[in-house]
There are 2 protein chains.
Amino acid sequence: MNKLAVVALGGNAILRGDQEGTIEQQEQNSRDTLSNLIYLIEEGYDIIISHGNGPQVGNILMRNDAGEEMYNIAQMPLDVCVADSQGGIGYMLEKELRNLLKDKGIDKEVITIVTQVVVDKNDPAFQNPTKRVGKIYNGKQAEKLKKDKGWEFKSSPKMEDGWRRVVPSPKPIRVLNEKVIEQLVRQGIIVITVGGGGVPVYIDENNHIRPSEAVIDKDLASAVIGAKLKADELYILTDVPYVYLNYNTPEQQKLELLNKEEIEKYIADGVFGEGNMSPKIKACLSFVENGGKKAVITEATKLSDKKYGTKIVLK
Amino acid sequence: MNKLAVVALGGNAILRGDQEGTIEQQEQNSRDTLSNLIYLIEEGYDIIISHGNGPQVGNILMRNDAGEEMYNIAQMPLDVCVADSQGGIGYMLEKELRNLLKDKGIDKEVITIVTQVVVDKNDPAFQNPTKRVGKIYNGKQAEKLKKDKGWEFKSSPKMEDGWRRVVPSPKPIRVLNEKVIEQLVRQGIIVITVGGGGVPVYIDENNHIRPSEAVIDKDLASAVIGAKLKADELYILTDVPYVYLNYNTPEQQKLELLNKEEIEKYIADGVFGEGNMSPKIKACLSFVENGGKKAVITEATKLSDKKYGTKIVLK
């Protein structure tokens, strides 16, 4: 059996924060990132690709808002917006990857699956929504949306009297299509799945699938599908080549290798800071704790250069 | 080998023209339509589901417009909007179908594939865009969009000085994931694919996949995948239980059986009128001409009642 790698593309591997977000920019960034995956394919890995959707679903939510405001079009709930983003981003990644494979003379199928991920409806995250999504509202608008739609808000540091909707970020438990994904990827088909962390759903008391107004961390979802399919390696692609201690301070220090014991100590000491790195490190740890051999956090365009990246192992 | 049926859900099988388009309405309509498929599953058919996306992609395009107007968010091109709609609609259909199967105690997997469909870039349709999409603009706005984005417009009968963007509707040639779809459906997995007719792409002189600013008729795309996979039957679900001669006139006459010779004569005589029925009949004819045994046009909620429907056969 081939080695199996799960590669999680960060939001900025597709759309950087300093870009307006045109499709040309997204396509170019996708090509730059995906061209780094070719070496894994040439080394004989089976590959699952997951991706973030932060900027894209943010835009979809704002367009939803604008469409209701200007044209009175019914807004779609968050689960449908996440599914929309899986369609658009997945299509673009598949198209660009197929073209790159063609250029390299590699004959491989690519498939994009619209993917639901099951969460626990009793996950404590539902009592404490923390993930900011969509546009910045003023206090009056936020008050009305809270009343009309039951949305929860937290203040935005970016604007006075600015408020953003917050939604829960529950833990992913299981990918609905895991068996099909396994079968396809083990035939050598490249599978694009759990986009944006997956469309969050829960199973109700009648064994029905119900949509969940939440978002799932895409790195955690990638770790879950990776562990379930006994993947060997998890790659989390982001905008820095290493995990650092005391990032962006005079004491900044890059880390090339991290094990469980070190991670737990560093997290207790708070040296990874807030922000995006802690969830990535936790996703890597969860992957190696559940049978994965190695997880790597590295810069999107440096995946193929093995001298970069922080490797995370169990011990 | 089981019999294979392709079931194409019309736009109004998901969202009726007289509805505002809330997600609750779309979910309820989807359940009403999908519950009719259970009998095919119980009779042992393998099943491919395709679906329209007219109202949904129309809303996505209008939200795109509103998002640019209100928040200066870069608009996504039509191909990405179609892919978005495949994500959102496919997710909803898969969720509702999984729940219906659960209620019936049927243990079957369902998978939703984001699907690209290849068209010929020299298709004459590109010289004559006919398919109206998105919002109604006034003459001044249309003029500006024509200049800025190269969009083409036709006047809208619904509004004085009203103009709608028109895009080409080229013929589908090939579904990119046809091999994977065949493999999955022949294992008994229900596959949701070619949503909205598929994301239209063409193959350029460098053998690269390129996006096409067009829309593909979903019934024709369903006939193409059906014929390629040697499906036995094609079901096109719409809002009337039969094809009629002289529909909505005093001479209206329902048709229960149609063969190629009759269809060609009736089409030459123009008795199916303009509108939506002719393309459906042509899709059915193309299916039976390419090896399909039988195609049926019937009302979305009457699929399981065999006394309804117009059957189309070769002779």
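Below, chain A is the first sequence line, B the second, and so on; all start at residue 1.
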Among the listed options B/Met62, B/Gln86, B/Lys179, B/Gln56, the residue most often paired with chain A at heavy-atom distances under 4.5 Å: B/Met62
Non-hydrogen atoms of B/Ala66 and A/Gly67 that approach each other most closely: CB-N, 3.7 Å
Find the distance between CD1 (B/Ile111) and OG1 (A/Thr193) and round it off to the nearest 0.5 Å. 8.0 Å
Quick check for you: among B/Arg98, B/Lys102, B/Met92, which has the greatest number of heavy-atom pairs under 4.5 Å with chain A? B/Arg98
Does NZ in B/Lys104 sit with more than 12 non-hydrogen atoms of other residues, nucleotides or ligands closer than 6.0 Å? no
Within the supplied structure, the quantity of interest is the number of heavy atoms (other residues, nucleotides, ligands) at a distance under 6.0 Å from B/Lys228 NZ; does it exceed 12? no
Donor-acceptor contact present, side-chain B/Asp84 to main-chain A/Gly88, <3.5 Å: yes
Between chain B and each of A/Asn207, A/Ile113, A/Val80, A/Asn177, count heavy-atom pairs under 4.5 Å; write down the option with the most. A/Asn177
Which one, A/Gln187, A/Gln25, A/Glu96, A/Glu68, leads in non-hydrogen pairs under 4.5 Å with chain B? A/Gln187
Do the side-chain N and O atoms of A/Tyr71 and B/Asn59 include a donor-acceptor pair separated by under 3.5 angstrom? no
Does atom NZ (A/Lys149) have a neighbourhood of more than 12 heavy atoms from anything else shown, all under 6.0 Å? yes
Please identify, among A/Glu109, A/Gln116, A/Lys135, the residue contributing the most non-hydrogen atom pairs under 4.5 Å to chain B. A/Gln116
Between B/Ile73, B/Thr22, B/Asn72, B/Asp65, who has the most heavy-atom pairs with chain A when the cutoff is under 4.5 Å? B/Ile73
Which one wins on heavy-atom pair count under 4.5 Å against chain A: B/Glu94, B/Met70, B/His208? B/His208
Heavy-atom pairs under 4.5 Å with chain A are the metric here; pick the option from B/Asp79, B/Ile192, B/Asn206 that has the most. B/Asp79
Here the gap from B/Asn99 atom CG to A/Asp204 atom CG, rounded to the nearest 0.5 Å, amounts to 7.5 Å
CZ of A/Arg63 to CD of B/Glu69, rounded to nearest 0.5 Å, is 14.0 Å
At a 4.5 Å cut-off on heavy atoms, which part of A/Glu20 comes close to chain B: side chain, backbone, both, or neither? backbone
In terms of heavy-atom pairs under 4.5 Å with chain A, the winner among B/Ile60, B/Leu100, B/Asp103, B/Val110 is B/Asp103
